[in-house]
Protein chains: 2
Amino acid sequence: MMQEQTGKIIKKPTITLVGAGPGDAELITLKAIKALNTADVVLYDALVNEELLEHASENAVKVYVGKRSGDHSYSQETVNKLMVDYAINYGHVVRLKGGDPFVFGRGFEELEYAASYHIPAQVIPGISSAIAVPELLQIPVTHRGLSESFWVVTGTTADGKISNDLYEAARSKATVVVLMGIHKLAEIVEIFKNAGKHTLPAAAIQSGSTINEKVAVGMVETIVEHVKENNITSPALLIFGEVVTLHSRFKSTSEIHDAIGTK
Amino acid sequence: MMQEQTGKIIKKPTITLVGAGPGDAELITLKAIKALNTADVVLYDALVNEELLEHASENAVKVYVGKRSGDHSYSQETVNKLMVDYAINYGHVVRLKGGDPFVFGRGFEELEYAASYHIPAQVIPGISSAIAVPELLQIPVTHRGLSESFWVVTGTTADGKISNDLYEAARSKATVVVLMGIHKLAEIVEIFKNAGKHTLPAAAIQSGSTINEKVAVGMVETIVEHVKENNITSPALLIFGEVVTLHSRFKSTSEIHDAIGTK
C-alpha cells in the first residue's frame, strides 16, 4: 500500500478470477471464499448465486456485470475495462464467474487483458456445471463399461453457432455434455440423429444444483418433447450418453413401449 | 439416533462421496468441509491431501484406503465393503476421493454398492484435475479461436489399456486431456503422430496444484523428451491442444529452431 499526500490509501491493483460453481452457494471452494474475504470489488455474472457476495466485506463494491441472453449491455470489452479500472482505483478485484472461469467462460481473455495493464492476475478454479450438474443427479460422466471419456462442447460459439466439434462428438463413444445449447436443442438432436444415435439416452437439466432445478430424461428422439413438457429453458445443459441410463428416472424405449402397450 | 439398552448410541448409517479436489487443500468446497465436519469415519484415497482430514472431528476414524499403482492391497471391492461396514457401525462415512468422484473415480460404483445395502448416499462434486490443473498454470481447456470443446480421456481403462476413445480424440479438434496416462506417454504420442499431429502443443503436469508440481511443455514430437528431462512421473495429466500455446513457457518449433540456430 502507498499513502498519497491526500491521505487516501492506494492499494496495489490485483485481479482474481474466481469460479463460483454451478449455483449452490456451498459449491464454492475455500480458496474462493478467502479471495472474496479480501476483495475490495466484486464483479459478478448473471449465473452467480448472489449469496456468495456475503463472503465479501460489507464495504466491498459489488457490481453486477451479467450478460443474459439477448441483453448485451455489458460486452466482454466493457467487463474487461471495468475490471482493470476498479483494480487501479480500488485494489483487489474479484471477478466472480459462474461455474469454472476456463470452461467457456472467456476467463483467459480477462487474464490477458489484466496482463496488458501489468496487473497481477490469478485464477481460482470453480466446480464446473459440465461435470457437477449431472453428478448431483447421480449421472456420472464416466462409468466403467459405459463411458471411458467425456467431451464438453459449447452450443453457442463466438459466432452464435453450434460448435462444429459437436458433429464429431455425436459420432463418438464419449459422454457428450453440451453447455449453452438448450436454445438449439432441435438442431442438436438432428446432429445426433444423423449420426444414427436416435436411441442414445439424453437428459436436459436447467438451473442444476439450485432449488429451481428442472430435469428431463429421455433419448435423442424423445428429449425435445420431454424438454417441452418440463418447460426447460436457459440456463440448461444437455448430456448424451449411456451413462444417462443410470439416472433413476431413465426408461428405455422398450420399457416405455411396455408401459403404454405399444411394443 | 437410537439408544440401545447397552447405552451405546447407534447413528443412522449414511455415506457421502466427497471430491477432495486436485491436491491444494483450499481447493475443496464448503459443502465438502461441512460433510467432513459431521463425519464419524473418513475413508480417504492416495491422492487426497491429508490436511483435509483436519476438517473432521478428532474422534472421527480416519482410514487410508489408497490404491497406488501396483499396490492392490485395497481392491475396489474391499473399499466398498469397508465403506458400508463403517456406515453400519459408526454412522456417517465420508468417502474422500481425489479430484471429482465421477471423473474416472469409480464413484458411481460406490453409490450403487451403498444402495444395495439401502444406505442413503449422496455425492459432493470436487474440483476436477482435468480442468483445474492446466487452469492453475493459466492453460484454459477452452479459448475463443483455439478450442470450442475439451475431451477428457482415461489413459488406463478397466483392462489397463489406453481408452479406444483416445484414437478418435487425437483426430479431433478438441483440447484433449488424458488422466492416468503418463506411464503410457510414448504409446499416446504415437496415437497423436498417427493422426498427423506431430506439432500439436502438449504439456504434462505432475502433482498439479501442490508444492510438488512439475511441468513439461512442448509438442507431440518433443513431449517425451521434456517429460524425461523434468523427471515427470505419476500422478500426472497430459493436455494436448492449441491452448497449450497460451502457457508462458510454450515455444513453437520455429522459435526453438531460431533459438538453437537450426532453422
Side-chain angles (χ1 to χ4, degrees), chain A residues 19 21-22 24-34 100-109 111-112 122-128 130-132 134-136 138-145 147-154 157-158 163-166 168-169 171-174 209 243 246, chain B residues 19 21-22 24-34 100-109 111-112 122-128 130-132 134-136 138-145 147-154 157-158 163-166 168-169 171-174 209 243 246:
Chain A
D24 180 329
E26 291 189 348
L27 287 177
I28 190 167
T29 67
L30 191 53
K31 197 181 272 287
I33 291 169
K34 287 188 174 180
D100 179 277
F102 278 2
V103 175
F104 308 118
R106 306 190 69 174
F108 193 83
E109 295 172 53
L111 285 188
E112 281 184 317
Q122 60 161 329
V123 57
I124 298 175
I127 295 285
S128 175
I131 300 167
E135 180 169 20
L136 291 163
Q138 304 204 342
I139 300 173
V141 285
T142 69
H143 184 61
R144 287 198 173 201
S147 166
E148 294 174 355
S149 71
F150 64 99
W151 194 346
V152 182
V153 187
T154 179
T157 60
S163 170
N164 281 326
D165 294 356
L166 192 64
E168 289 175 72
R171 285 190 298 265
S172 78
K173 280 182 301 213
S209 90
V243 291
L246 301 174
Chain B
D24 179 329
E26 291 189 347
L27 289 177
I28 190 166
T29 67
L30 192 54
K31 198 180 272 284
I33 291 169
K34 287 189 174 180
D100 179 276
F102 278 2
V103 175
F104 308 118
R106 306 189 70 174
F108 192 83
E109 294 172 53
L111 285 188
E112 281 184 316
Q122 60 161 330
V123 57
I124 298 176
I127 296 285
S128 176
I131 299 166
E135 180 170 19
L136 290 164
Q138 304 204 341
I139 301 173
V141 287
T142 69
H143 184 61
R144 287 197 174 202
S147 167
E148 293 173 356
S149 71
F150 64 99
W151 194 345
V152 183
V153 187
T154 178
T157 60
S163 171
N164 282 326
D165 294 356
L166 193 64
E168 289 174 74
R171 285 190 298 265
S172 78
K173 280 182 301 218
S209 89
V243 291
L246 301 173

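Residue numbering restarts at 1 for every chain, and letters A, B, ... go by the order of the sequence lines.
- Most heavy-atom pairs under 4.5 Å with chain A: of the set B:P101, B:A158, B:G19, B:A169, this distinction falls to B:A158.
- The candidate from A:E109, A:Q138, A:K173 with the greatest count of non-hydrogen atom pairs under 4.5 Å with chain B is A:Q138.
- Smallest separation of non-hydrogen atoms from B:V123 and A:L136: O-CD2, 3.7 Å.
- Taking OG1 of B:T157 as the start and CZ of A:R144 as the end, the distance is 7.5 Å to the nearest 0.5 Å.
- Contacts of A:S128 with chain B are made by side-chain atoms alone, with heavy-atom separations under 4.5 Å and no backbone atom involved.
- For a residue to count as touching a neighbouring chain, one of its non-hydrogen atoms must lie under 4.5 Å from one of that chain's; by this rule A:E112 touches chain B with the side chain only.
- Only the side chain of B:L111 comes within contact range of chain A, with at least one heavy atom under 4.5 Å from a heavy atom of that chain.
- With respect to chain A, the highest number of heavy-atom pairs below 4.5 Å among B:L166, B:I127, B:V153 belongs to B:I127.
- To the nearest 0.5 Å, the span separating OG on A:S147 from CZ on B:F108 amounts to 13.0 Å.
- Residues A:W151 and B:S172 form a side-chain contact, since some pair of their non-hydrogen atoms from C-beta on lies under 4.5 Å apart.
- Side-chain atoms of B:I131 and A:V152, non-hydrogen and from C-beta on, never get closer than 4.5 Å to each other.
- What you find for A:P125 and B:L27 is that their closest heavy atoms are CD-CD2, 4.0 Å.
- Between the side chain of B:T142 and the backbone N or O of A:F104, at least one donor-acceptor pair lies under 3.5 Å.
- Counting only heavy atoms from C-beta outward, the side chains of B:E168 and A:R171 never approach each other to under 4.5 Å.
- One finds the CZ atom of A:F150 at 12.0 Å from the CG atom of B:D165 (value rounded to the nearest 0.5 Å).
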